[in-house]
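Notes follow once the structure below has been shown.
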Protein chains: 2
Amino acid sequence: MKLLEEKIIKEGKVLPGNILKVGSFLNQKIDTDLLAAMGKEISHLFESDKVTKIMTVESSGIAIAAAAGIFMRVPVIFAKKHKSGNIDGEVYCASSHSFTHGNDYDMIISKEYISSDDNILLVDDFLASGNALCGMLELAKKAGARIAGAAIAIEKGFQGGGDELRAKGIKVRSLALIESMSEEGIVFRA
Amino acid sequence: MKLLEEKIIKEGKVLPGNILKVGSFLNQKIDTDLLAAMGKEISHLFESDKVTKIMTVESSGIAIAAAAGIFMRVPVIFAKKHKSGNIDGEVYCASSHSFTHGNDYDMIISKEYISSDDNILLVDDFLASGNALCGMLELAKKAGARIAGAAIAIEKGFQGGGDELRAKGIKVRSLALIESMSEEGIVFRA
C-alpha cells in the first residue's frame, strides 16, 4: 500500500534492536485518514473470504481492526492481555511473548464471542516473528473456528514470522512489507 | 443516542459492584455498525468546537476514539498505561486508579504528540467516577493544551464523575447516560 510505505519512509524511525518507531501515525498518535484507508484496503483484500469476525489483541491492533471492521461490517473481537474484572464465565487462553516489552503474557478471550461457525480474520499493527499471531491462531483453534487469513499493517519480513505462516497455507496480507531496514534506510519487498 | 440505549437494554448485563457488562458490543466484541454510528454522533456533537486532536487511554477507548477520529478527520493520540520499549524521549505522566481492575496505574504520553496549540477532545468508553478522564485532563494540562470537551459512550451518572466535570465547565457529552441500574433494570437520564 503506497500511502503507508510513503508514510513509513517519511516518518518512521529505525531504532536499535530492529524496532521501527511509527508513533507519529500508527501507535501513540494515529493518522485517521490513513487509518480509514488501511481499513478500506483490508476490506478489499479479503472481500471474497466470507469473514465473519475480525480478531486482534490489545492494544495497538485495535484501531486498525476497528477500521477494517467498519468497512467490512463484521464484528471485531479483541483478546485481552490479562484477566480483568469484567470478563466473566469461561475463557480461551493462549500464551505469547512480546519482544517489544520483553515479557511473556496470556491472551484471553471469552468463549461466548467466538465459535466453530466463525471464519476469522486476524488483524494486527505489526508482524515480526509472529508470536502475537500464533497466540491468536491458538485461540481460534481452541474455539474450532476457521482462519480466513491475517491482515497486517507493517510486516518485518526479515524476521520470518510472516513467511512461516504463509508456508502453513495462511493467507497473510501486509499493507507494507519491509525486506530490510537500518538507520540508512528501509527497503520494501517488491 | 437511541441506538446505543437500545443495545444496552437488550444486551447489557448488570453485575455486582456496579459493573455494566457490555462485552457483546462495546468491549471484547465490538459491533462495528454501532461503532461507526457512535463515531459519527461524536463528530456531530463537537463539530463547532475546533478539535485538533482526540485523546484516549488504552485499551477499551481506542476503538471509539478511532471511529470518532475517522469522521472528524483529526488524529487520535492514546495514553499508554505503562512505559513500553518503543516510547523514546520525554513523556508526560499522570496517575490514575482503575476500579474495574482494582489497581493504580500511570498514564504516559510522548511530549512530541501533544502541544499548547492543541484543542483536545477526550474520548472514552465509560465514565463513572471520572478517574481516567482526570488523568487525561492532567496530561493535557501538562502540555498546556486546551480541552474541547469529553465524549463518552456510556456514563454511569449515579457515580458522579460526569457531573463534577460539568460543574468545572467542561463540555461532557455521553451517548448513553445511565441514571440508575440494578439487576431489575436500567434507567437513562431524560
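Order of the sequence lines sets the chain letters (A, B, ...), proteins ahead of strands, with each chain counted from 1. What's counted below: heavy atoms across the whole structure, side chains too, no hydrogens, waters or symmetry copies.
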- [ ] Report yes or no: do A:I186 and A:L177 belong to one cluster of Ile/Leu/Val/Met/Phe/Trp/Tyr joined by side chain heavy-atom distances under 4.5 Å?
- [x] no
Task: Option in B:I62, B:I114, B:I64 with maximal non-hydrogen atom pairs under 4.5 Å from chain A - done: B:I62
Task: Distance (rounded to the nearest 0.5 Å) between B:N27 CG and A:S110 OG - done: 10.5 Å
- [ ] Show your reasoning for whether side chain to side chain contact (heavy atoms under 4.5 Å, CB included) applies to B:Q28 and A:I109.
- [x] CA-CA 7 Å; B:Q28 285 273 304; A:I109 206 152; 4.2 Å; yes
Task: Proximal component of B:V22, with respect to chain A [non-hydrogen, under 4.5 Å] - done: neither
Open item on the list: Is there a path of hydrophobic side-chain contacts, each under 4.5 Å between heavy atoms, that joins B:L26 and B:F188?
Closed with: yes
TODO: Assess whether atom CZ of B:R73 is packed by more than 12 heavy atoms of other residues, nucleotides or ligands within 6.0 Å.
DONE: no
Task: Ion pair check, A:K80 and B:E58, cut-off under 4.0 Å - done: no
TODO: Mind listing the closest non-hydrogen atom pair of B:F78 and A:S59 along with its distance?
DONE: CE1-OG, 4.2 Å
Could you go through residues 133-149 of chain A and list every donor-acceptor pair under 3.5 Å that involves a side-chain atom there, pairing it with any protein atom two or more places apart or in another chain?
{"unit_1": "A:E138", "atom_1": "OE2", "unit_2": "A:K142", "atom_2": "NZ", "d": "3.3"}
{"unit_1": "A:K142", "atom_1": "NZ", "unit_2": "A:C93", "atom_2": "O", "d": "2.5"}

Open item on the list: Heavy atom to heavy atom, less than 4.5 Å: which residues from residues 31-41 of chain A reach chain B?
Closed with: A:T32, A:D33, A:L35, A:A36
Task: Single-linkage hydrophobic cluster A:F126~A:I9, side-chain heavy atoms < 4.5 angstrom - done: yes
Task: A:I54 reachable from B:F25 in the ILVMFWY side-chain graph, under 4.5 Å edges - done: yes
- [ ] To the nearest 0.5 Å, tell me how far B:Y113 OH sits from A:I30 CD1.
- [x] 11.5 Å
Task: Same apolar cluster (I L V M F W Y, side chains within < 4.5 Å links), B:F71/B:V74 - done: no
